[in-house]
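One structure is given here, and the rest of the page talks about it.
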Amino acid sequence: MPELPEVETVRAGLAVRVVGRTVADVDVLHPRAVRRQTGGAAELVARLRGRTVTAAVRRGKYLWLTLGTDAAAPPDEALLAHLGMSGQLLVQEPDQRRAAGIPDLGAPFLAPPGERPVDLTATRPPTLVRTIPATTAHLRVRLRFDDGGELWFVDQRTFGHLMATTTVPTEDGAPGGLGSDAPVLPGPVAHIARDLLDPALDRSALVRRTRARVTEVKRALLDQSLVSGVGNIYADEALWRARLHGTRRTDRLPGARLGSLFDDAAAVMRDALAVGGTSFDALYVDVEGAAGYFARSLAVYGRTGMPCPRCGAPVRREQFMNRSSYSCPRCQRRPRAM
DNA sequence: AAAGGGACCTGGCTGC
DNA sequence: TGCAGCCAGGTCCCTT
């Protein structure tokens, strides 16, 4: 389930493998994958053909490739992607590119100028670094670059989508997301709040806005218009680290308590990012087809009945927002009344 | 107006 | 053995 660390792992891969390449043509193999494109597949193809990718940018769980012609001006167009629950972006290189020295599957990434190197193999055991399956099952959209490489959008459950769209200026003049300095972001992402790893995030304003909400704290964590990037897995892990039950009311928590909760959420996502994210199965992989390694570091998520790493009490599972929530019954006391 | 709930999806798993 | 039903959950949209 791609949340911020998984999407960021994909973005980092795209920054290395796709930026600088030019789209020759696009094949849309499933209309649902482009359902948010007003003009459908034809419009997506028309807007991408001939465009060069200038940056890979992410805010929360959304990522986009900016499409440039003039390097000096802010990009006016972008290919927006959301992975939904099972979306993957896989870079496919023809054999001749491998022979020409492009890093093979599982090889360490080289960082472009100004970006921290991401070595996806150093922190994960070789058994979890898999080659890209040669199957085209669930292949929804295929971008073909003019150098013979391809970018595949694969999505089993079709909750994800691609969309070519114009950009709009950010409200605060800061960069639209991580991966580019341009103060723009795709129009459909304008309502998505900055995420907890965004340098331009105003933490104290976030705490104020959260306290002004009259809702449960887990709902607030999952509200992408309040703070983005957090999904069900990292919400539960953050609440466990903060020793808070998800049904605690935001308006009744001290600001300092909320502040440390957000710090815990940022920390758990940084920890996950360092090992390539969380993979339970083949549904989440990076652009090379490699699985993340954080699943073994989860404290409570998916661990019903297993001991809390802090106190040993068996992890509890509850229904919440039509989802499963996992918590420690001893470390995370349920509030008395709703 | 803010908050909550359901729909959208498919494949793997469980239980009868 | 086969099949029905459940479960996973991010986001949009509708209702309250």
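Proteins come first, then strands; the chains are lettered A, B, ... in the order of their sequence lines, and each starts at number 1.
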**Message:** So, does A:Arg219 get its side chain near the phosphate of B:dG5, meaning an N or O under 4.0 Å from OP1 or OP2?
**Reply:** yes
**Asked** Does a side-chain N or O from A:His138 land closer than 4.0 Å to OP1 or OP2 of B:dT10, or not?
**Response** no
**Item:** First encountered from the 5' end of DNA chain B, between A:Thr215 and A:Arg323
**Value:** A:Thr215
**Asked** Looking at C:dA8, B:dG4, B:dG5, which one has an atom nearest to any side-chain atom of A:Asn322?
**Response** B:dG5
**Item:** Mutual orientation of the aromatic rings belonging to A:His82 and A:His161 [parallel < 30°, tilted 30-60°, perpendicular > 60°]
**Value:** parallel
**Prompt:** Has the side chain of A:Glu6 got a donor or acceptor atom that lies under 3.5 Å from a matching backbone atom of A:Pro2?
**Reply:** no
**Request:** Tell me yes or no: between the side chains of A:Thr210 and A:Thr250, is some donor less than 3.5 Å from an acceptor?
**Result:** no
**Item:** Near-strand residues of residues 58-66 of chain A, defined as heavy-atom separation under 4.0 angstrom from DNA chain C
**Value:** A:Lys61, A:Tyr62
**Message:** Ignoring hydrogens and geometry beyond distance, is a side-chain donor-acceptor pair present between A:Ser86 and A:Tyr284 at under 3.5 Å?
**Reply:** no
**Asked** Is the number of heavy atoms from other residues, nucleotides or ligands within 6.0 Å of CG (A:Asp181) greater than 12?
**Response** no
**Fill in**
Rounding to the nearest 10°, end axes of the helix from B:dA2-C:dT16 to B:dC16-C:dG2 built from five pairs each make an angle of 50°
**Item:** Any donor-acceptor N/O pair, A:Gln224 side chain to A:Gly60 backbone, under 3.5 Å
**Value:** no
**Request:** Report which part of the nucleic acid A:Ser324 touches: base, sugar-phosphate, or nothing (heavy-atom distance under 4.0 Å, all strands).
**Result:** sugar-phosphate
**Asked** Under the 3.5 Å rule, do the base of C:dG10 and the side chain of A:Arg157 count as making a donor-acceptor pair?
**Response** no
**Request:** Mind checking A:Arg36 for me? I need base, sugar-phosphate or nothing, with any heavy atom below 4.0 Å counting as a touch.
**Result:** sugar-phosphate
**Prompt:** Between A:Gln224 and C:dT11, does any side-chain N or O lie under 4.0 Å from OP1 or OP2?
**Reply:** yes
**Complete:** By side-chain hydrogen bond (donor to acceptor under 3.5 Å, both in side chains), A:Thr38 pairs with (sequence neighbours left out) none
**Message:** Does the Lys NZ or Arg CZ of A:Arg11 fall within the cation-pi geometry relative to A:Tyr62 - under 6.0 Å from the ring centre and within 45° of the axis?
**Reply:** no
**A:Gln319 atom CD, neighbour heavy-atom count above 12 within 6.0 Å** = yes
**Message:** Regarding A:His191, tell me which of base, sugar-phosphate or nothing describes its non-hydrogen contacts under 4.0 Å with the strands shown.
**Reply:** sugar-phosphate
**Prompt:** When all nucleic acid strands are considered with a 4.0 Å heavy-atom cut-off, which category describes A:Arg140: base, sugar-phosphate, or nothing?
**Reply:** nothing
